[in-house]
Number of protein chains: 2
Amino acid sequence: MRTNSPFKHHQHSQCIQQALRNAESLCKKNGFRLTRVRKRVLELIWKSHQALGAYAILEQLGLEGVKPAPPTVYRALDFLLEAGLIHRLNSLNAYTGCSHPKDDHHGSYFLICQHCRNVAEIHDTGIDQQISSLAHRENFAVSEQALELSGTCQNCQGSAHA
Amino acid sequence: MRTNSPFKHHQHSQCIQQALRNAESLCKKNGFRLTRVRKRVLELIWKSHQALGAYAILEQLGLEGVKPAPPTVYRALDFLLEAGLIHRLNSLNAYTGCSHPKDDHHGSYFLICQHCRNVAEIHDTGIDQQISSLAHRENFAVSEQALELSGTCQNCQGSAHA
DNA sequence: GTCACAACTGTTATATTATAACATTACGTG
DNA sequence: CACGTAATGTTATAATATAACAGTTGTGAC
Ligand SMILES: [Zn+2]
Ligand SMILES: [Zn+2]
Ligand SMILES: [Zn+2]
Ligand SMILES: [Zn+2]
């Protein structure tokens, strides 16, 4: 089950609940430990569809208790990345929730709105195929791929600040 | 004229010379000033097909005279990026020479070998088209795109360290 | 239950990448 | 050469990320 598009009106609480359920079940299935910090970091990331920086997460954690040191957050992020529950956006140095943590990640691509800062994770078999074919042509064995498209989402087009 | 593929044997001195000629003519045409620092930074980046970090460039500059402060290098990098003479690889926090500085850059994609660290800039109209079509479908106006494929190049496949 | 081990978290310090702000120098034009 | 602008120098600091080691907690064997 996919979460909703950030660029369309939706009940975002559903996204959050779905993400947490997915995380619980994935961790249970794989014997991962979804500890308090890890879960809290995941929740903070899912509070919106905007990508969140590690230090912004730190700030938030500080607001609700004792502010931990950076390694605490980075370790939680590493775990969530490994588990496939979040992604890192290299162009933003920030992290966003994975909207389909069960699938393989042979290709996931990101639309990043520079106005509202929302991020949509996209799957597209057309692009997958072109990348495979490119890699084959060049004799290149791809192990990681990152496609980040920055621009203006449909909501922000035509609006005052666009 | 394109430079050679980093993954094929070639006379790399040709790449360097070509890159410098391209830079000279592009700057002359546009009235940009290819100053000593800027030119030296470009040369250092073109010394290989590996992406070079800002502080690695600083070190090199230090070896051949007085080591400048970071802003000097970052300003040169900003200029070269603006001029379209180099690209930044977000997944590496590093910079690589543009292999075709005359063309538009509506799509350039990078193959990054994790073994030899060489980087190849690729143009692929198939991917261009899939991205356009994706953007159209999602009503998303793309202003910047970055595709970075990490993996193993043809030379490094099958070799001992692969 | 409790022992032992591994996994997780805390803590301190520091590495790496990048920019802000202001002073000085070099360049090109008239 | 005088002027204004663009480029560079300089100092300080911001933002992102990791190393190293100490302490704590959870889990399974017995
Ligand atoms: Zn949502
Ligand atoms: Zn938007
Ligand atoms: Zn070459
Ligand atoms: Zn290689």
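Fair warning: this is a prediction, and the values are worked out from it, not measured in the lab.
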Using side chain to side chain donor-acceptor pair (under 3.5 Å), reason through Q114(B) and S143(A) one step at a time and then give a plain yes or no. CA-CA 9 Å; Q114(B) 291 165 328; S143(A) 68; 3.2 Å; yes

Go through it in stages, so that I can follow the logic: the residues are R137(B) and S133(B), the test is side chain to side chain donor-acceptor pair (under 3.5 Å), and I'd like the CA-CA distance, side-chain angles, deciding distance and then a yes or no. CA-CA 6 Å; R137(B) 218 163 46 241; S133(B) 125; 3.1 Å; yes

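One interatomic measurement links the two molecules: CG of N93(B) to P of dA15(D), which rounds to 16 Å at whole-angstrom precision. Between the NZ atom of K39(A) and the C1' atom of dT9(C) there is a distance of 18 Å, rounded to whole Å. When rounded to the nearest whole Å, the span between CG of L52(B) and P of dT16(C) equals 15 Å. Atom pair E59(A):CD and dA15(D):P shows a separation of 10 Å (rounding to whole Å applied). Between K67(B) atom NZ and dT11(D) atom C1' the separation is 15 Å, expressed in whole Å.
Using a 4.5 Å heavy-atom cutoff, the side chains of Q129(B) and Q130(A) are not in contact. Inter-residue side-chain proximity for S13(B) and Q17(B) is flagged as met; some heavy-atom pair is nearer than 4.5 Å. No side-chain heavy atom of L80(A) sits less than 4.5 Å from a side-chain heavy atom of F32(A). Counting heavy atoms from C-beta outward, F110(A) and T96(A) have side chains that approach closer than 4.5 Å.
No engagement by F32(A) is indicated, since no non-hydrogen atom pair under 4.0 Å with the nucleic acid exists.
Nearest nucleotide to the P70(B) side chain, out of dG10(C), dT8(D), dT19(C): dT19(C). Residue R38(A) has its side chain nearest to dC8(C) when only dT18(D), dC8(C), dT17(C) are considered. Among the nucleotides dT19(C), dT8(D), dG10(C), the one closest to any side-chain atom of Y74(B) is dT19(C).
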For nucleotides 20-27 of chain C, give me every protein contact, N/O to N/O, under 3.5 Å, one pair per line with atom names.
{"residue": "dC27(C)", "atom": "O4'", "partner": "R33(B)", "partner atom": "NH2", "Å": "3.4"}

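By the stacking rule of 5.5 Å between ring centres and under 30° between planes, Y55(B) stacks on the base of dT17(C).
In this structure, F79(A) and A94(B) both approach DNA chain C, and ranking their closest nucleotides by distance from the 5' end singles out F79(A).
Side-chain contacts under 4.5 Å among hydrophobic residues (ILVMFWY), followed directly or transitively, place V66(A) with no other residue at all.
Put simply, T35(A) has no side-chain N or O that comes within less than 4.0 Å of OP1 or OP2 on dA7(C).
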